[in-house]
Number of protein chains: 2
Amino acid sequence: MAKHKKSFCAEDLRARILTQDIAPGSDLDEARLAEEYGISRTPLREVLQRLAGGGFVRLEENRGAKVESMDFATMRVFFQTAPLIYCSVARQAAENRTSRQVADLKDIQHEFIGVARAGDAASAGLLNHAFHEKIGDMARNPYLLAGLRRMLIDHTRLGQTFFAPQSEADKTRVTKAIEQHDAMISAIEAQEPNLATDLTLQHWDLSRDQLEKFVRPDPLPLDVLSMKERRNAL
Amino acid sequence: MAKHKKSFCAEDLRARILTQDIAPGSDLDEARLAEEYGISRTPLREVLQRLAGGGFVRLEENRGAKVESMDFATMRVFFQTAPLIYCSVARQAAENRTSRQVADLKDIQHEFIGVARAGDAASAGLLNHAFHEKIGDMARNPYLLAGLRRMLIDHTRLGQTFFAPQSEADKTRVTKAIEQHDAMISAIEAQEPNLATDLTLQHWDLSRDQLEKFVRPDPLPLDVLSMKERRNAL
DNA sequence: AAAATTCAAATTGTATACAAAAAGTATTGG
DNA sequence: CCAATACTTTTTGTATACAATTTGAATTTT
């Protein structure tokens, strides 16, 4: 029973960090969380250590745990590195996948489609995460997988808005993402590394466009500032 | 004091794993280690959790910690992935390094040369590890760094023989490795990404040749088995 | 004798009490 | 009124006792 509560705690904290229910940079109070999850501080600390090992959390000597933050510098690196890691992983996934893993991936995609169509943004984000992590498993490359996992933490957190469509155009993008996942599954199942790589790159492009729009939104229309005010500002 | 003993424990276990003083696959007994390092089980477990987070150790539910093993499958992946990660990291290190970091790298290299020439294989392996990890820091890429760190664990363990030269040819290889490190430092300091990448690839080739010789040694001379015996063996 | 079961020992996981460190608050002196 | 210092409170780190699980041996059963 206690074992169950501990793994629930770990899973729950992970999900809350990925969905930004707990914001980047937040302090995590041991005593409060232990109380909240009904376990003592010892196992809670072990959960935090593991989350720290996975890059979800940062531990600082004598001053507790903080959710790993996302500064501008790392976001730049994120956009720079994502294609390399995602494509390398996809290629090897197509080469090395087992049929068992393909079945798992299809299950995840099935669930993903359900919640994404229903507009459950948090679940969609987490299942999208699971989808890409599963492809990481398939690649059977612990070195790339380590990098992929770090990348997915930031990607999922940044992309929280992606699956909460506002406009019709947003809904189209979600539909497109679903179709791309299906195509990726087919390529991986058919063991076509080149195709899997291409499709992954397209999928990344879609995600990147959306993310950049969020990170670097369209500038406000200039005329909200009258000429007078602009002159005064100088 | 206790804080000091804990970090010593963490550092020492890390070093013993990297030098194969503790062999891959070994069981780590909590009680024994806690006693050995003069700390209680609680902080020792935290050390193990962290080592697990870094990929040094694998924790299994209710059956303790084992040093991460190296099977044939991952070795294949290792040879496949190393050039990609090392070169990507080197390129970005050349682009992003600070002069402070270059100074640190030179210090490491200086120490490295000392112990390598003295034939202290364990220290040379650890300092070679530190050298490449420092280049990882310089790249300022947490995603690639995560993969690099995993890779270095296996590389350092596999390469334990590298810095324990037997023949004259081995000594030549160590000298060459030292020179390559110097050249890499220069390229990084001069912020020449292409050169840094080329030199890294050459450095990898040297290491790979040595590793492959160790993993797949020259076959024994056939004539140790007489013709009679070979006929009998059939 | 081989397999299964039960019991004992060892090992891992958790809770709690205590120690050490950091953060916050009040008090004192300028 | 501000600044510095001492004191209190809160939070983090460690040790230890206890609970739960696994491992290994001995006994029983087939």
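Model, not experiment: these values are computed from the prediction. In what follows, chains carry the letters A, B, and so on, assigned in the order in which the sequence lines appear, proteins first and then strands, with residues in each chain numbered from 1.
- In the set C/dT12, D/dT12, C/dA15, the nucleotide with an atom closest to the side chain of A/Asn62 is D/dT12.
- Computed from coordinates, the A/Asp27 CG to C/dA23 P distance equals 10 Å when rounded to whole Å.
- Atom-to-atom, CZ of A/Arg63 to C1' of C/dA20 comes out at 14 Å; the value is rounded to the nearest Å.
- For the pair A/Ser40 and C/dA15, the criterion of a side-chain N or O lying under 4.0 Å from OP1 or OP2 is met.
- Remark: B/Arg41 is not in phosphate contact with D/dT16, judged by side-chain N or O atoms under 4.0 Å from OP1 or OP2.
- Comment: A/Lys5 does not engage A/Glu36 in a salt bridge, judged by the lack of any side-chain N to carboxylate O separation of less than 4.0 angstrom.
- We find that CD of A/Glu61 is positioned 9 Å from P of C/dA22, with the value rounded to whole Å.
- Straight-line distance from the NZ atom of B/Lys5 to the P atom of C/dA20: 12 Å, rounded to whole Å.
- A salt bridge links B/Lys106 with B/Glu189: the closest approach of a Lys/Arg side-chain nitrogen to an acidic carboxylate oxygen falls below 4.0 angstrom.
- In the set C/dT12, C/dA15, D/dT14, D/dT14 carries the atom at the smallest distance from any side-chain atom of B/Lys6.
- For A/Asp29, the side-chain atoms get nearest to D/dT12 when compared with the rest of C/dT11, D/dT12, D/dT23.
- Rounded to whole Å, atom P of C/dA15 lies 14 Å from atom CD of A/Glu30.
- For the pair A/Asp137 and A/Arg149, the salt-bridge criterion is met [side-chain N within less than 4.0 Å of a carboxylate O].
- Whole-Å rounding puts the A/Leu28 CG to D/dT11 P distance at 14 Å.
- Between A/Gln20 atom CD and A/Thr161 atom OG1 the span is 9.0 Å, to the nearest 0.5 Å.
- Straight-line distance from the CG atom of A/Leu44 to the P atom of C/dT16: 14 Å, rounded to whole Å.
- Atoms CD (B/Glu35) and P (D/dA15) sit 12 Å apart, rounded to a whole Å.
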